[in-house]
Amino acid sequence: MTATTRLDVILGPERAAQVIQDLARDLAHRDGLPEAAALRLACERAADGDPLLLAAPGQVWALRPDADLDDAPARRLAIYGRLEAPPRILALADEDLPGGARTETDIDNGLDEEEEGMLLSVLDRYQLQSWSPLPTADRAGGGDGLC
C-alpha cells in the first residue's frame, strides 16, 4: 500500500487510540498474541491502512491516486456491511456527479445469494477517507498516544 491512513485525523486522537486498543484486544484474543505484540501489530496495520483490520460499516474509502479506475468498481465505496469467511464487504458506489449532485449505487445488486459482497481485497486500491458514525469503544480506553 502506498499511502498511510491517519486514524487520528479521521477520528480524532482520543477516539483513534480507543479504536487501536479495541483492535489490539481483538487480535490478542483471536490470534492468541501477547498484548504488547497485538498492540504493535494493530498500530502498524492501522498506519498502513490495512482493510482486513480496518474495514467496517460507516466508512468511505476513496480510490488511491495511483490506482486505475478501470480496475476498480467506483471512485469511492461507502461500506454498509462486512462479512467473514472469506472476508467481504457490502458497499455502495458513492460517486460525485457534475454539478455537486451525488448518487449511491448498490454495487451488490445482481449478485447471487452465495456470492454476496465483494472480496475485501478490492479495498487494496483504496484508502480510508471517513468513518461515520464514529466507532464506539468496547471498553473505556485512554487517548494516551499508543502508536
Side-chain angles (χ1 to χ4, degrees), residues 1-33 37-138 141 143 145-147:
M1 292 178 210
T2 58
T4 59
T5 299
R6 294 287 312 264
L7 286 183
D8 60 329
V9 172
I10 294 170
L11 300 174
E14 292 82 16
R15 183 59 61 121
Q18 289 174 341
V19 167
I20 294 293
Q21 285 178 337
D22 290 342
L23 293 170
R25 273 191 221 92
D26 184 55
L27 283 172
H29 174 74
R30 199 172 18 130
D31 297 340
L33 297 173
L39 181 59
R40 185 177 63 251
L41 187 59
C43 287
E44 290 170 1
R45 288 175 57 192
D48 287 343
D50 184 353
L52 186 59
L53 180 74
L54 296 174
Q59 294 175 342
V60 173
W61 290 69
L63 193 63
R64 293 179 185 278
D66 61 340
D68 187 352
L69 182 57
D70 292 335
D71 295 332
R75 290 184 196 283
R76 295 175 359 134
L77 296 175
I79 298 175
Y80 66 86
R82 179 160 173 175
L83 307 168
E84 298 299 327
R88 304 174 312 280
I89 58 168
L90 302 174
L92 298 172
D94 184 6
E95 297 295 329
D96 293 319
L97 297 176
R102 288 182 43 189
T103 183
E104 290 185 345
T105 305
D106 189 345
I107 57 179
D108 299 315
N109 281 343
L111 296 176
D112 294 337
E113 289 181 21
E114 300 84 30
E115 299 176 323
E116 189 172 319
M118 290 184 295
L119 289 176
L120 194 61
S121 60
V122 73
L123 291 179
D124 290 343
R125 296 180 202 98
Y126 293 80
Q127 61 192 27
L128 183 60
Q129 184 177 46
S130 65
W131 195 339
S132 178
L134 296 178
T136 57
D138 292 336
L146 296 173
C147 299

Asks: With rounding to the nearest 0.5 Å, note down the distance linking CG in L27 to CG in D22.
Replies: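 It comes to 11.0 Å.
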Asks: With a 4.5 Å limit on heavy-atom distance, are the side chains of L77 and M118 in contact?
Replies: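 L77 vs M118: side chains touch.
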Asks: So, for A72 and Y126, which heavy atoms are closest and what is the spacing to 0.1 Å?
Replies: CB-OH, 3.3 Å
Asks: How many angstroms lie between CG in L63 and CZ in R75, if you round to the nearest 0.5 Å?
Replies: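 So the gap between those two atoms works out to 7.5 Å.
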Asks: Check whether any side-chain heavy atom of W131 lies under 4.5 Å from a side-chain heavy atom of V19, and answer yes or no.
Replies: yes
Asks: Could you check if a side-chain atom of Q18 sits within less than 4.5 angstrom of a side-chain atom of E14, using non-hydrogen atoms only?
Replies: no
Asks: For the backbone of L52 and the side chain of D50, can you confirm whether one donor and one acceptor N or O come within less than 3.5 Å of each other?
Replies: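 Yes; judged by distance alone, with no hydrogens or angles, the pair exists.
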Asks: Rounded to the nearest 0.5 Å, what separates atom CD1 in I20 from atom CZ in R25?
Replies: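 Answer rounded to 0.5 Å: 11.5 Å.
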Asks: Between OG of S132 and CD1 of I10, what distance do you get to the nearest 0.5 Å?
Replies: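 It comes to 12.0 Å.
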Asks: Can any side-chain N or O of R88 pair as donor or acceptor with the backbone N or O of P86 at less than 3.5 Å?
Replies: yes
Asks: Of all the heavy-atom pairs spanning A55 and R82, show the shortest one and how long it is.
Replies: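 Result for this residue pair: O-NH1, 2.8 Å.
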Asks: Tell me the closest heavy-atom pair linking G117 and L90, and the distance in Å.
Replies: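 Of all heavy-atom pairs spanning G117 and L90, the closest is CA-CD2, 3.6 Å.
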Asks: Just wondering, do D48 and L53 contact through their side chains at under 4.5 Å, heavy atoms?
Replies: no
Asks: A38 and A24: which non-hydrogen atoms are nearest, and at how many Å?
Replies: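 Reported closest heavy-atom pair: CB-O, 3.3 Å.
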Asks: Drop me the distance from L123's CG to I89's CD1, to the nearest 0.5 angstrom.
Replies: 4.0 Å
Asks: How long is the span from the CD atom in Q127 to the CG atom in L54, to the nearest 0.5 Å?
Replies: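 Here the interatomic distance stands at 12.5 Å.
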Asks: Could you pull out all residues at least two apart from D70 that satisfy side-chain contact (heavy atoms from CB on, under 4.5 Å)?
Replies: D68
Asks: Is there a donor-acceptor pair closer than 3.5 Å between any side-chain N or O of Q129 and the backbone N or O of R76?
Replies: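 Between the backbone of R76 and the side chain of Q129 there is no qualifying donor-acceptor contact (under 3.5 Å).
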